[in-house]
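Heads up, the thing below is written out as structure tokens.
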Amino acid sequence: MRSTHLFQPDLAGSIHASPILASLGSEARERFNELGFPSRRDEDWRLTALTPVTGHPFSRAPEATTATEHWTLPDAVTITFVNDRLVGGAAENDLPAGITITALSSAAQSQTQLIEEHLGRLASFDDQPFVALNTAQSLEGALIHLAPGAILDRPINIIYATTGDDVVTYPRTLIVAEENAKATVVETFVGDGRSLICPVTEIAVGPSATLQHTRLIELSAEGSCIGSVSATVERNAAYRLSSAGLGGSLARTDIRVGLNGKGADATLDGLTLVGGKGQGITHVVVEHRVPNCTSTQRYRSVLDDRSKAVFTGCIIVAEDAQKTDARQSSRSLLRSSDAVAHNNPQLEIYADDVRCTHGSTVGQLDEEALFYLRARGIDRLTAEGLLTLAFAAEVLEGIPVEAVKSRLEDQLMAQLGPEITR
Amino acid sequence: MLELNNLHVAIGGNEILKGIDLKINAGEVHAIMGPNGSGKSTLASVLAGREEYEVTSGEVLFQGENLLELDAETRAREGLFLAFQYPVEIPGVGNTYFLRTALNAVREHRGQAPLDAMDFLQLVKEKADVVKLDPSLLKRAVNEGFSGGEKKRNEIFHMAVLEPKLAILDETDSGLDIDALRIVSEGVNSLRDSERSFIVITHYQRLLDHIIPDFVHVLKDGRIVESGGRELALELEARGYDWLDSKAAVETAR
């Protein structure tokens with residue numbers, strides 16, 4: 001099958017100096033060779049048109065020759081990668097004891113135990129072709145380690161920039177928060193050309209730890225991103241994810257969260273904005289493996305032109321996971337009659353004493369509200385922008401970092417309507 | 001200020017307004033009364049620019065201009081204000097933020113500089129006081145979770161901030177208890193001056209005990225069947241609307 005694809009990853013030979021990464025890489029390479037790219041015959045990929053990815057001859061991004069411009073979160077600890085190469089490190093950042101931010105290539109030498117224990121263990125490449133591809137191909141990324149009780153009050157901003165046309169990058173992040181640790185991590189994925197980003201993020205949230213995680217995906221109209229997030233959440237720990245995807249030809253994110261210890265909580269929010277002929281696709285699987293855990297999924301998509309958004313949200317409650325409280329809501333706003341939204345809630349419940357709720361709606365802008373705004377003097381375009389922002393508000397409100405939130409609001413308004421005086 | 005000449009309006013092929021003539025000068029308060037289904041709210045909607053209504057003939061001049069050519073937002077910017085019978089809840093849009101966007105749109109249209117956040121807050125505080133609007137409602141989303149009375153007060157508060165030339169109050173008294181009615185009326189009265197005109201649409205005369213009109217018109221089956229001074233409202237209160245039927249019949253017979 002692969003021979004029909006124009007995108008043929010170069011899978012020959014080992015690319016890693018470190019034996020740990022080399023052996024993981026070759027395992028994943030084998031698996032990818034078996035799996036190949038998914039097709040629309042695979043249930044999970046039925047609604048994803050992969051042509052923007054497989055129909056294009058991407059090759060590994062070369063080292064960038066010019067400096068790239070990208071937004072950086074103010075007052076954050078920043079680590080920057082451009083085309084899978086570390087360009088600005090956390091070394092210059094003054095970090096409290098117990099917190100390390102290391103490039104994966106160095107961590108493979110210096111923090112071997114952490115790498116061996118977690119890398120490639122949280123994100124399964126057995127059944128996820130693009131995770132296999134990333135694991136086989138990834139050269140660089142970030143390892144964030146928070147020792148027991150370590151607390152960082154500034155956010156950490158990991159920037160993965162992909163620059164150039166016809167190039168592919170494989171960013172890789174591993175975050176390990178040990179018992180009682182607490183941090184906020186903002187991952188930014190930026191693609192400025194006709195490029196493909198295939199990121200994988202693995203997260204282990206230890207007992208009573210709190211991890212607030214934000215993912216921003218900013219693509220050019222021709223850019224694509226196929227990424228995954230895998231997290232495990234232990235006893236009384238909290239994992240909170242806010243994702244926002246703006247633009248792009250194809251942006252797909254697969255999120256898998258396992259609630260492993262009693263009292264664990266996962267709150268997953270997402271906002272997708274698609275236009276043109278773009279596709280914004282999110283697949284979430286939350287697995288309640290033990291009793292007394294809570295989870296919330298709130299996903300919103302805003303569609304213009306002839307775009308498509310898909311949300312598939314699966315809640316799995318294991319047989320002995322009694323007293324589970326799982327909620328899910330997905331809503332789509334169609335701003336064009338040619339756009340299509342699919343919302344697919346899926347529940348697999350094997351316990352009997354649980355509370356699981358889900359709701360999904362697909363709607364248009366409320367004409368009554370539009371008229372009300374216009375009758376007060378606000379022009380139609382601005383009124384539509386305001387109502388769209390309001391639609392996204394629930395998810396925006398959940399973003400823990402104020403600067404990220406206002407940047408997103410600005411970007412939304414820039415795409416949706418004229419500038420509004422604040 | 002406003003002149004309606006032989007205005008005919010239909011929705012979905014049904015004629016609702018069947019030839020309305022009305023002239024309102026600056027500073028005047030006109031009450032429009034009538035039974036349910038007489039076309040009162042249609043009149044308010046058409047003037048405010050609701051697009052689902054079709055004007056089949058006649059004209060509307062607002063400050064000498066053809067009002068019907070303007071879209072809803074331009075009418076508002078030109079100084080026309082509709083206090084909605086059913087104010088719309090808009091979750092996610094802050095009341096203050098919304099109002100500032102609206103006010104600055106109106107100001108820009110008038111060639112005035114936008115108000116900055118500080119000046120705006122000062123203005124809002126002042127105007128909220130006029131209708132005794134609970135300041136916590138300013139921080140909420142537009143009308144979201146407001147009681148019926150709070151919604152109507154919010155409408156008058158918006159009006160006070162936007163300072164229109166012509167305000168149309170569409171059944172602002174509906175759903176108000178007597179105290180809220182008094183507060184809302186006081187708010188309206190404080191905005192009365194020799195330049196600003198009002199159209200007060202109501203089913204009951206009790207609102208007109210508080211907002212004293214200069215003229216009262218009775219709308220029935222899409223036509224103004226009777227016009228008079230304030231005493232007409234009192235007569236309607238005493239006799240209902242039915243006596244107008246027999247009167248109209250007599251006149252038609254003549």
Side-chain angles (χ1 to χ4, degrees), chain A residues 242 244 269 271 273 298-302 329 331-333 335 359 361 363-399 402 405-406 408-410 412-414 416-422, chain B residues 44-45 47-53 70-84 86-110 113-117 120 141-144 151 154-155 158-159 161-164 168 170:
Chain A
S242 299
D269 288 347
L271 175 65
L273 183 69
R298 277 187 305 205
Y299 282 81
R300 302 288 179 265
S301 53
V302 176
S329 88
R331 292 173 60 195
S332 300
L333 176 63
R335 289 164 43 101
T361 59
Q364 283 144 347
L365 289 172
D366 178 357
E367 282 297 327
E368 266 306 293
L370 266 182
F371 179 69
Y372 187 75
L373 296 171
R374 292 175 63 210
R376 294 288 186 263
I378 298 173
D379 67 88
R380 179 179 270 279
L381 214 56
T382 305
E384 288 178 353
L386 275 177
L387 292 181
T388 306
L389 212 55
F391 171 82
E394 223 182 334
V395 167
L396 290 171
E397 290 308 316
I399 293 174
E402 198 56 39
K405 192 178 121 192
S406 40
L408 265 176
E409 283 174 349
D410 291 349
L412 273 170
M413 279 318 285
L416 299 173
E419 202 175 321
I420 289 183
T421 15
R422 296 215 167 240
Chain B
S45 297
L47 293 178
R50 253 190 217 278
E51 282 150 10
E52 55 267 39
Y53 293 92
L70 308 175
D71 56 23
E73 50 265 45
T74 311
R75 296 182 196 194
R77 292 170 187 185
E78 289 278 332
L80 189 142
F81 181 91
L82 171 66
F84 281 56
Y86 303 108
V88 184
E89 297 198 14
I90 312 182
V93 176
N95 202 13
T96 309
Y97 175 58
F98 154 63
L99 198 51
R100 187 167 161 223
T101 308
L103 178 63
N104 281 336
V106 172
R107 288 179 65 90
E108 192 185 339
H109 189 78
R110 291 180 191 152
L115 275 192
D116 67 32
F120 179 73
V142 180
N143 294 320
E144 193 188 25
K151 283 181 184 167
N154 198 35
E155 293 294 283
H158 287 177
M159 178 170 88
V161 171
L162 296 173
E163 301 189 316
I168 303 163
D170 188 6

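So that the names make sense, note that chain A is the first sequence line, chain B the second, and so on, each numbered from 1.
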**OP:** Determine whether more than 12 heavy atoms belonging to other residues, nucleotides or ligands lie under 6.0 Å from atom OH of Y86(B).
**Re:**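 Open.
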
**OP:** Would you mind telling me which of M159(B), H109(B), E73(B) has the largest number of heavy-atom pairs within less than 4.5 Å of chain A?
**Re:**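 Most heavy-atom pairs within the cutoff with chain A belong to E73(B).
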
Original post:
If you count heavy-atom pairs under 4.5 Å with chain A, which of A105(B), A141(B), G49(B) comes out on top?
Top reply: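 Option with the greatest count: G49(B).
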
Side chain, backbone, both or neither: which part of [X] has a non-hydrogen atom closer than 4.5 Å to chain A?
X	result
E78(B)	neither
P87(B)	both
N143(B)	side chain
F98(B)	both
V106(B)	side chain

Original post:
Taking atom CG of L387(A) and atom CD1 of I90(B), what is their separation to the nearest 0.5 Å?
Top reply: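 These two atoms lie 6.0 Å from each other.
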
**OP:** Look up atom CD in E144(B) and atom NZ in K151(B), then write down how far apart they are to the nearest 0.5 Å.
**Re:**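 With rounding to 0.5 Å, CD (E144(B)) is 10.0 Å from NZ (K151(B)).
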
Original post:
Using non-hydrogen atoms only, which part of A390(A) is less than 4.5 Å away from chain B: side chain, backbone, both, or neither?
Top reply: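 For A390(A), heavy atoms of backbone and side chain both lie under 4.5 Å from chain B.
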
Original post:
Checking heavy atoms, do the side chain of L396(A), its backbone, both or neither come under 4.5 Å from chain B?
Top reply: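 Neither part.
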
**OP:** Quick one: sort the Y372(A) and H158(B) rings into parallel, tilted or perpendicular, breaks at 30° and 60°.
**Re:**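 Tilted, since the angle between the ring planes falls between 30° and 60°.
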
Original post:
So, R75(B) side chain and L47(B) main chain: donor-acceptor pair closer than 3.5 Å or not?
Top reply: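 A pair under 3.5 Å: yes.
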
**OP:** Check for a donor-acceptor pair, side chain of R298(A) on one end and backbone N or O of S329(A) on the other, with a separation under 3.5 Å.
**Re:**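 No, the answer is negative, given that no donor and acceptor are paired below the 3.5 Å cut-off.
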
**OP:** Check whether any side-chain heavy atom of P114(B) lies under 4.5 Å from a side-chain heavy atom of E108(B), and answer yes or no.
**Re:**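 Of all side-chain heavy-atom pairs linking E108(B) with P114(B), none is under 4.5 Å.
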
**OP:** Count the heavy-atom pairs under 4.5 Å between each of E368(A), E394(A), E367(A) and chain B, then report the option with the highest count.
**Re:**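 Most heavy-atom pairs within the cutoff with chain B belong to E368(A).
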
